Structure formats: structure tokens, C-alpha cells
Amino acid sequence: MSLTLYPAIDLKDGACVRLKRGAMDQATVYADDPAAQARRFEAQGFTALHVVDLNGAFAGKPVNAAAVRAILAAVRMPVQLGGGIRDMAGIEAWLALGVARVILGSAAVKNPALVRTAAAAFPGRIVVGIDAAEGMVATEGWAEVSTLAATDMARRLEDAGIAAIIHTDIARDGMLAGLNLAATEALARSVAIPVIASGGVAGIGDIIALRAAAGRTGNIVGTIIGRALYDGSLDPAAALAEAGTC
């Protein structure tokens with residue numbers, strides 16, 4: 001089965017950055033024009049884009065809206081957006097502006113009814129981000145760690161009607177340490193919902209291993225890639241060929 005590769009644009013103060021383990025004080029700025037970066041990813045052959053409003057994730061409300069709008073205007077590929085989206089009004093507004101899928105993270109933990117309501121109102125357009133620190137769900141831009149296990153949260157979402165789960169291992173995010181395939185595969189086996197892996201993609205070996213895991217589970221459908229693309233440790237053409245999407 002093929003995988004969808006989502007290049008990541010993380011927005012901080014209007015710029016495209018990468019963090020290490022979600023630490024805002026360890027941001028590396030890769031582009032001051034996120035829309036131009038989005039166009040580069042599209043030109044490289046990617047067919048979907050992952051965008052996160054980092055400031056918004058901490059603030060609990062959109063902060064980098066202007067940059068997101070510029071990205072939406074710059075590319076034709078579908079964009080999934082997360083960070084600071086906490087209510088139906090926010091979900092509706094972004095979908096109306098052209099976002100293909102909205103990602104709910106903290107809101108999914110603290111207001112599970114919102115997930116069900118949104119998924120019913122917008123079939124196929126609501127994704128839940130499960131960000132895990134040592135297997136436990138983290139919220140509020142990863143500043144808070146709950147007592148809820150990632151696999152337990154995934155099971156709670158089984159009948160919510162969401163389009164996918166994004167599973168991120170916080171300890172590996174931005175570290176080029178390789179995906180936590182064991183945790184991702186365990187979560188994928190616990191539900192029938194499509195799962196997107198995130199956190200730590202370092203090179204082509206991660207894509208090869210993830211495709212094998214996808215074959216074993218049947219519901220791992222893609223991965224989000226950040227620093228490996230920006231630092232050049234993963235060649236876009238080779239990655240897309242290995243993923244079976246070109």
C-alpha cells in the first residue's frame with residue numbers, strides 16, 4: 001500500500017520553523033516566507049501539506065492566521081491545519097477558508113464531544129492529533145502531560161467518525177532520531193482508524209520501515225516529515241518513490 005507523505009510547515013511568529021521536542025525556545029528558522037516554502041514542497045511532488053500554528057497551540061487560539069491564509073492561496077494541494085483550534089466556530093472558519101482537514105489535539109482530550117460534533121458535521125475533514133510523551137497524551141502545545149495513555153485515547157475515538165489519527169512521539173520530534181514504529185504500530189493495531197506517523201523521520205530508512213509496518217497493520221496511511229526535508233537528510237524524490245506516491 002502507498003503512503004501519503006506530509007511535509008510539515010510549523011509556524012512561529014510568522015516564520016517557518018522546526019522545534020526540538022516541541023520546545024519553543026529551541027526553534028530553528030528555515031524560511032521567513034511560509035507560502036514560498038509551501039510552493040517548493042508542491043513543486044517537489046508532494047500532494048498534501050501539514051501546517052501547525054505553534055503560537056496558537058500555546059495560546060489556545062489562532063495566532064499565525066495571516067501566514068496560513070498565504071499558504072492556502074499559494075498551493076493547490078490539500079492542507080491539514082492544527083494549533084489553537086478549540087471550538088466549532090474555529091473549525092468552521094478554517095474549513096470555509098479552504099483548509100482541507102482540521103486537526104484537533106488539546107480540544108480532543110479536553111472536549112471529546114467537540115470531536116464527535118465536528119466529525120458529524122464535516123465528514124472526512126476532522127483529524128485528531130495524539131501527541132505522546134512516554135506513551136501518555138500531552139496537550140497545550142505539549143506543555144501539559146495527562147494521565148491518559150495514547151492507545152486508550154485512540155480507542156475512545158474508534159466510533160467518533162474522524163478521518164485519521166496523527167500519532168507523534170514528542171521525544172523524537174525534530175530530533176532526526178527515527179520514527180517510534182513500535183508505538184505507532186501498537187496504536188494502529190488498537191483501532192481501525194487510519195493512522196499517520198509523526199516525529200523523528202530521519203531518512204529513507206524510516207519510509208521503508210513505515211511502509212512495511214503499514215503492510216502489517218493495514219491502517220498506517222502516511223507520515224509527517226519536517227527537519228529531514230529542511231536539513232536535506234531525506235531526498236524528496238526518493239521518499240515519494242519509496243512511499244509509492246509517484
Side-chain angles (χ1 to χ4, degrees), residues 4-85 90-91 93-105 125 127 129 131 141-142 166 168 173-176 196 198-203 206-207 222-240 243 245-246:
T4 299
L5 305 184
Y6 297 83
I9 291 183
D10 289 354
L11 299 168
K12 179 178 184 287
D13 304 333
C16 177
V17 308
R18 293 303 295 166
L19 306 183
K20 292 184 176 180
R21 300 188 177 118
M24 289 288 271
D25 61 352
Q26 295 189 49
T28 301
V29 177
Y30 282 98
D32 58 9
D33 186 342
Q37 181 62 59
R39 283 193 293 270
R40 281 192 287 273
F41 284 140
E42 190 168 60
Q44 288 168 344
F46 291 102
T47 58
L49 184 65
H50 177 80
V51 178
V52 177
D53 180 346
L54 293 173
N55 300 105
F58 283 91
K61 60 182 179 181
V63 175
N64 288 286
V68 175
R69 290 192 190 97
I71 290 168
L72 292 172
V75 296
R76 294 182 179 180
M77 60 180 166
V79 174
Q80 61 183 25
L81 173 68
I85 305 171
I91 294 167
W94 280 121
L95 293 178
L97 284 170
V99 168
R101 305 200 300 190
V102 165
I103 305 162
L104 300 177
R125 303 186 72 183
V127 174
D131 306 325
W142 303 348
I166 297 172
T168 303
D173 192 69
M175 303 303 292
L176 297 177
I196 299 167
S198 176
V201 171
D206 287 298
I207 309 302
T223 187
I224 293 163
I225 310 171
R227 191 175 292 269
L229 289 174
Y230 291 103
D231 285 354
S233 62
L234 180 63
D235 177 69
L240 288 164
T245 54
C246 73

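Everything quoted here is computed from the prediction, not taken from an experiment.
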Task: Atom of Ser198, atom of Ile166 and distance for their closest heavy-atom approach - done: CB-CG2, 4.0 Å
Open item on the list: Looking at Arg18, is its backbone amide N or carbonyl O close enough to the side chain of Asp10 to form a donor-acceptor pair, meaning the two atoms are under 3.5 Å apart?
Closed with: no
Open item on the list: Working to the nearest 0.5 angstrom, can you tell me the gap between Asp32 CG and Asp13 CG?
Closed with: 12.5 Å
Open item on the list: Under a 3.5 Å distance rule, please check whether Arg125 uses its side chain to pair with a backbone N or O of Val99 as donor and acceptor.
Closed with: yes
- [ ] Can you measure from CZ (Arg227) to CG (Leu234) and round to the nearest 0.5 angstrom?
- [x] 14.0 Å
TODO: Might you point out which heavy atoms bring Leu95 and Ala100 nearest each other, and give the distance in Å?
DONE: CD2-O, 3.9 Å
Task: Side-chain heavy atoms of Val75 within contact of Phe41, under 4.5 Å - done: no
Task: Beyond-backbone contact of Ile207 with Ile225, side-chain heavy atoms, under 4.5 angstrom - done: yes
- [ ] Answer yes or no: is there a donor N or O on one side and an acceptor on the other, between the side chain of Ser233 and the main chain of Gly203, under 3.5 Å?
- [x] no
TODO: To the nearest 0.5 angstrom, please state how far the NE2 atom of His50 sits from the OG1 atom of Thr223.
DONE: 10.0 Å
Open item on the list: For Val51 versus Val79, what's the shortest heavy-atom pair and its separation?
Closed with: CG2-CG1, 3.7 Å
- [ ] Would you give the length of the straight line joining atom CD of Glu42 to atom OG1 of Thr47, rounded to the nearest 0.5 angstrom?
- [x] 9.5 Å
TODO: Enter the distance from Ile9:CD1 to Tyr230:OH here, rounded to the nearest 0.5 Å.
DONE: 5.0 Å
Task: Gln80 side chain to Ile103 backbone, donor-acceptor under 3.5 Å - done: no
Task: Heavy-atom pair with the smallest gap, counting every atom of Leu229 and Pro236 - done: CD2-CG, 4.1 Å
- [ ] For Val17 and Val29, run side-chain contact (heavy atoms from CB on, under 4.5 Å): C-alpha distance rounded to whole Å, both residues' side-chain angles, the deciding distance at 0.1 Å, then the answer.
- [x] CA-CA 4 Å; Val17 308; Val29 177; 3.9 Å; yes
Task: Enclosure of Asp231 CG (heavy-atom neighbours >12, cutoff 6.0 Å) - done: yes
Open item on the list: Restricting to non-hydrogen atoms, name the atom on Asn55 and the atom on Met24 that form the minimum distance, rounded to 0.1 Å.
Closed with: ND2-CE, 3.7 Å
- [ ] Starting at CG of Leu104, measure out to CD1 of Ile91 and round the result to the nearest 0.5 Å.
- [x] 4.5 Å
TODO: Measure across Leu49 and Pro7 and return the closest heavy-atom pair with its distance rounded to 0.1 Å.
DONE: CD1-O, 3.3 Å
- [ ] Indicate yes or no for a side-chain donor-acceptor contact from Asn64 to the backbone of Gly14 under 3.5 Å, with no hydrogens or angles considered.
- [x] yes
